[in-house]
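Written below as structure tokens is the structure these notes are about.
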Amino acid sequence: MKQFRIGFIGGGFAAALHAHAYKRVPGFEAILYAVVSADLEGSKAFAAVHGFEKVYATVDQLLADPSVDVIDIIVPPKDHVSLVRKAMDMGKHVICEKPFNGYFGKGSDDKSLMYEKVCSELDEFASYLQGRKEQLFYAENFIYAPAVVKIKEFLETTGEKALLLRGEESHSGSHAPHAALWEANGGGSLIRQGCHPLSALLYLKQVEAKSRNEEIWVSSVLCDSSLVTAQLPRSEKGSILSKPVDVEDWAQTIITFSDGTKAVVTSGDMIVGGVRNSVEAFTSNACYVGNIAPNDSFVCYHTDDSKLGDVYFTEKVETKKGWQQVFLCEEEMRGYVGELEDFFICLSTGKKPESGFSLADETMRVLYASYASAELGKRVFLERK
């Protein structure tokens, strides 16, 4: 069985999801080898829980270890590109969490300028990748979710055109301090949550294009975004976790493709009741509805949840009383296991990843064109690459 030694940069919530997923990848042995984060004591605790062999105090120490095959970068997006470059320069293959890059200034800055700078950085990075032996994998788990994989199969088999695509990720918000600040996260709910369904819809459209032997690209976006909870006094925040400073807590972007078809992406940081993850596709002969979360594969009911504190139900749910849709096999159903399996297959065979830089590139361009559209209050047209 092929082995890969994994080095983590980051030890937070998303890192824990990755750690669980590595242990479930079929056909490969992923050795959770080393971890480093900004909090050394936190890294030690993370390593103890997940079985990492080593803890490093600095990123440089981790990257200098010749035993590490793959670096998994799971830190706030402000540091993604610099860490990817640093790791690849040290000869490491890299898995980079979403979003790939961004503009990290103030939320009040000119969004059209943000778009230009993000696109410029993407162009520079594309040149940087030319001729490199190290592989870059974009950790977009949505496209590996079984529901999305099935939609892909149907589109490939039927050869039908997706006339409308819809996707959403919404929940009650992040408690992480960096999520509130544009300078750390590059935006709010649209870039943090909306990037997932957006990438899935862009991916499915390219699947369609390939199956039909067509070229299809994003021609324009029309977006609205808002800080919906800004007027609520603290006493009325209820179960909403997010405390945005200069980022949006709701956004919806409408995408027009070059063939005239549409996609709609919705994201919200003020929706209680657990995570809403969905991807839908509509053709002239079919409707496909992928309810990643919540789904009804297992439901339960409790009148008393006092003894259920340590039992995991699903992310972001505020109570365990009443009827609950418990998320089973979450690492598989959200696509983390399939994602890592694809990356290991690529490292073993030379195959190109389903989620690589090209998907990251298109996703980021559409995201920041959407921010520009929301600020301008009009449609923004994208240049064809």
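Along the sequence shown, residues carry numbers from 1.
- Under the 3.5 Å distance criterion, the side-chain polar atoms of Thr58 are matched with a main-chain donor or acceptor of Gln61.
- Tyr368 pairs with exactly one of Leu113, Ile191, Leu122, Asn101 by the side-chain contact (heavy atoms from CB on, under 4.5 Å) rule, that one being Ile191.
- Of the possible polar contacts, one joining the Asp69 side chain to the Arg5 backbone as a donor-acceptor pair under 3.5 Å is found.
- A cation-pi arrangement is found for Lys320 relative to Phe313, the charged atom lying closer than 6.0 Å to the ring centre and inside a 45° cone about the ring normal.
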request  = Quick one: do Tyr312 and Glu330 satisfy side-chain hydrogen bond (donor to acceptor under 3.5 Å, both in side chains)? Show the steps, please.
outcome  = CA-CA 11 Å; Tyr312 182 74; Glu330 183 170 2; 2.7 Å; yes
Criterion ring pair (Phe, Tyr, Trp, His ring centres under 6.0 Å) on Tyr371 and Tyr115, from CA distance to verdict = CA-CA 8 Å; Tyr371 279 129; Tyr115 173 53; over 10 Å; no
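- In this structure, Arg132 forms a cation-pi arrangement with Tyr128, its terminal cationic atom sitting closer than 6.0 Å to the ring centre and no more than 45° off the ring axis.
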key: CA sep, side-chain torsions, deciding dist, call: Val218, Arg384, side-chain contact (heavy atoms from CB on, under 4.5 Å)   = CA-CA 8 Å; Val218 175; Arg384 183 183 178 185; over 6 Å; no
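- A donor-acceptor contact closer than 3.5 angstrom is absent between the side chains of Arg276 and Ser170.
- With respect to Lys152 and Glu354, a salt bridge is recorded, a charged nitrogen being found less than 4.0 Å from a carboxylate O.
- For Lys111 and Trp182, the positive end sits near the middle of the six-membered ring, less than 6.0 Å away and at most 45° from its axis.
- Although no hydrogens or angles enter the test, the distance criterion places a donor-acceptor pair under 3.5 Å between the side chain of Ser258 and the main chain of Trp217.
- Aromatic pair Phe154/Tyr288: ring centres closer than 6.0 Å.
- Side-chain polar atoms of Thr229 and Asp249 form a donor-acceptor pair below 3.5 angstrom.
- At a threshold of 4.5 Å between non-hydrogen side-chain atoms, the residues Val59 and Leu83 count as touching.
- For the pairing with Arg334, the salt bridge (Lys or Arg N to Asp or Glu O under 4.0 Å) check across Glu169, Glu339, Glu315, Glu140 returns one residue only, Glu315.
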request  = Assess whether side-chain contact (heavy atoms from CB on, under 4.5 Å) is satisfied between Lys54 and Leu62, documenting all intermediate values.
outcome  = CA-CA 9 Å; Lys54 294 187 177 183; Leu62 172 63; over 6 Å; no
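- The shortest non-hydrogen separation linking Ser220 to Leu382 is CA-CD1, 4.1 Å.
- Summarising the local packing, NZ of Lys117 is surrounded by 12 or fewer heavy atoms from other residues, nucleotides or ligands at distances under 6.0 Å.
- Aromatic pair His93/Phe137: ring centres not closer than 6.0 Å.
- At least one donor-acceptor pair under 3.5 Å links the side chain of Asp304 to the backbone N or O of Ser306.
- With contacts defined as side-chain heavy-atom distances shorter than 4.5 Å, the pair Tyr144/Val148 does not qualify.
- The shortest side-chain heavy-atom distance between Phe343 and Pro353 falls under the 4.5 Å cut-off.
- Ring centers of Phe46 and Phe52: under 6.0 Å apart, within the cut-off.
- No chain of hydrophobic side-chain contacts below 4.5 Å, direct or via other Ile, Leu, Val, Met, Phe, Trp or Tyr residues, connects Val317 to Leu17.
- Taking the centre of each ring, Phe100 and Phe357 come in below the 6.0 Å mark.
- If you check the side chains of Ser199 and Thr363, you find a donor sitting under 3.5 Å from an acceptor.
- Connection of Tyr336 to Leu32 is not established within any shared hydrophobic cluster, with ILVMFWY side chains joined at heavy-atom distances below 4.5 Å, either directly or through further cluster members.
- Salt-bridge formation is detected for the pair Glu183/Lys106: a Lys NZ or Arg NE/NH1/NH2 atom is positioned less than 4.0 Å from an Asp or Glu carboxylate oxygen.
- Between the side chains of Glu160 and Thr283, a donor-acceptor pair is found at a separation under 3.5 Å.
- When side chains are defined from C-beta on, Thr253 does not count as touching Val264, because their heavy atoms never get closer than 4.5 Å.
- Using a distance-only test at 3.5 Å, with no hydrogens or angles considered, a donor-acceptor pair links the side chain of Ser242 to the main chain of Asp269.
- Environment of NZ in Lys23: crowded, with over 12 heavy atoms of neighbouring residues, nucleotides or ligands closer than 6.0 Å.
- A 4.5 Å side-chain heavy-atom check between Glu153 and Thr157 finds at least one atom pair inside the cut-off.
- Rounding to the nearest 0.5 Å places CD1 of Ile255 at 6.5 Å from OG of Ser370.
- In summary, the aromatic rings of Tyr22 and Phe8 are positioned with their centroids under 6.0 Å apart.
- Scanning both residues, Ala14 and Ile74, for their nearest heavy atoms gives CB-CG2, 3.6 Å.
- Under the 3.5 Å distance criterion, the side-chain polar atoms of Glu318 are matched with a main-chain donor or acceptor of Gly273.
- Of all the heavy atoms in Gln193 and Gly268, the pair that sits closest is NE2-O, 2.8 Å.
- Aromatic rings from Phe4 and Phe344 are positioned such that their centres are separated by under 6.0 Å.
- With hydrogens and angles disregarded, a donor-acceptor distance shorter than 3.5 Å links the side chain of Ser43 to the backbone of Asp39.
- No salt bridge links Arg365 with Glu362; every basic N to acidic carboxylate O contact stays at or beyond 4.0 Å.
- With hydrogens and angles ignored, the 3.5 Å screen pairs no side-chain donor or acceptor of Thr261 with any backbone N or O of Phe257.
- For the pair Glu332 and Arg24, the salt-bridge criterion is met [side-chain N within less than 4.0 Å of a carboxylate O].
- Between Lys161 and Glu208 there is a salt bridge, with a side-chain nitrogen of the basic residue lying less than 4.0 Å from a carboxylate oxygen of the acidic one.
- Within the 4.5 Å cutoff, no side-chain heavy atoms of Glu97 are placed close to those of Val75.
- Under the 4.5 Å side-chain criterion, counting only non-hydrogen atoms from C-beta, Val279 is in contact with Leu204.
- Using a distance-only test at 3.5 Å, with no hydrogens or angles considered, no donor-acceptor pair links the side chain of Gln252 to the main chain of Cys223.
- Put simply, the side chain of Gln135 never gets that close to the backbone of Val94: no donor and acceptor are under 3.5 Å apart.
- With contacts defined as side-chain heavy-atom distances shorter than 4.5 Å, the pair Thr314/Val326 does not qualify.
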